[in-house]
Amino acid sequence: MMRPAFSSTTFSTIAATLAIAALFSLPSSQALADAASNVAGKSTTSTDGAVIFQQVCQGCHMANAKGAVGAGYIPALAGNPKLKSAGYPIYVVLNGYGGMPWLGTMLNDAQVASVVNYVRSNFGNNYTDKSKPEDVAAVRGAAPTMEK
């Protein structure tokens with residue numbers, strides 16, 4: 001009996017199809033792995049901005065808030081002019097942006113205000129207007145969810 005001959009193109013097509021099928025068969029809980037609230041050890045009960053930064057943010061943005069470049073790009077928070085308006089970092093913390101996960105389901109309004117105030121007044125940033133939990137509540141929208 002003769003076996004059918006597969007070309008390298010046919011083999012690559014079969015392998016790609018199987019890989020895509022495997023991705024779609026993952027449980028939906030794994031699809032949320034990018035949400036910080038689903039990452040073990042990434043939750044905090046503190047309302048101290050420095051503690052929240054250390055426990056949640058510095059793993060990516062670095063202890064000096066200068067960000068990182070390598071396999072990905074993590075923007076610097078140090079000396080960042082985009083932090084001039086408190087509304088921008090509040091929105092980003094709540095909803096994520098680019099590769100940053102949303103933290104709106106993990107941090108309450110007081111925690112978001114606290115960490116935003118901390119970042120905006122440290123690391124070479126001197127923005128003195130303080131955000132309040134009420135400011136965060138005004139920006140907060142419905143938390144993104146995955147359809148099951």
Side-chain angles (χ1 to χ4, degrees), residues 8-9 11-148:
S8 62
T9 303
F11 182 74
S12 296
T13 302
I14 292 170
T17 302
L18 290 173
I20 290 170
L23 285 174
F24 283 108
S25 68
L26 290 175
S28 62
S29 64
Q30 290 194 18
L32 290 173
D34 63 341
S37 62
N38 292 317
V39 179
K42 288 290 187 180
S43 63
T44 183
T45 57
S46 178
T47 56
D48 181 286
V51 171
I52 296 167
F53 180 83
Q54 290 168 353
Q55 292 180 347
V56 179
C57 311
Q58 97 176 9
C60 295
H61 291 284
M62 304 295 123
N64 61 6
K66 291 189 178 181
V69 177
Y73 169 74
I74 308 295
L77 300 174
N80 189 331
K82 289 183 177 181
L83 300 177
K84 181 176 184 177
S85 168
Y88 177 76
I90 288 171
Y91 178 86
V92 172
V93 169
L94 289 175
N95 300 297
Y97 184 77
M100 181 175 156
W102 66 87
L103 301 174
T105 57
M106 178 183 160
L107 301 174
N108 64 37
D109 294 348
Q111 291 172 313
V112 173
S114 182
V115 76
V116 166
N117 289 335
Y118 174 74
V119 170
R120 292 181 72 236
S121 61
N122 287 281
F123 310 112
N125 300 312
N126 295 307
Y127 305 113
T128 58
D129 56 314
K130 299 288 184 189
S131 59
K132 300 180 285 302
E134 298 81 28
D135 301 327
V136 176
V139 176
R140 185 184 293 275
T145 60
M146 294 292 292
E147 300 274 332
K148 290 190 177 186

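Worth knowing before you read on, the calculation uses all heavy atoms, side chains too, and leaves out hydrogens, waters and symmetry mates.
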Does Q58 use its side chain to pair, donor to acceptor, with the backbone of A65 at less than 3.5 Å? no
All heavy atoms of N125 vs all of N80, minimum pair found to be OD1-N, 3.2 Å
In this structure, NZ of K130 is separated from OG of S114 (nearest 0.5 Å) by 9.0 Å
Taken to the nearest 0.5 Å, the spacing of L103 CG from N108 CG works out to 12.0 Å
Item checked: R140 side chain near D109 side chain, heavy-atom distance below 4.5 Å -> yes
Between the CZ atom in R120 and the CG atom in N126, the distance rounded to the nearest 0.5 Å is 10.5 Å
Contacts satisfying ring-ring contact (aromatic ring centres under 6.0 Å, His included) that involve residues 71-101 (not counting sequence neighbours) are none
Residues N64 and A78: closest non-hydrogen pair is O-CB, 3.8 Å
Would you indicate whether the side-chain heavy atoms of K82 and P89 approach each other to under 4.5 Å? no
OG1 of T128 to CG of N117, rounded to nearest 0.5 Å, is 10.5 Å
>> Looking at A113, is its backbone amide N or carbonyl O close enough to the side chain of D135 to form a donor-acceptor pair, meaning the two atoms are under 3.5 Å apart?
In response: no
To the nearest 0.5 Å, atom NZ of K84 lies from atom CG of D129 at 10.0 Å
Residues pairing under ring-ring contact (aromatic ring centres under 6.0 Å, His included) where one sits in residues 115-134, two or more places apart or in two chains, turn out to be F53-Y118, F53-F123, Y118-F123
- Donor-acceptor under 3.5 Å (H61 side chain, I74 main chain): no
The side-chain contact (heavy atoms from CB on, under 4.5 Å) partner of I90 among L94, V92, V93 is L94
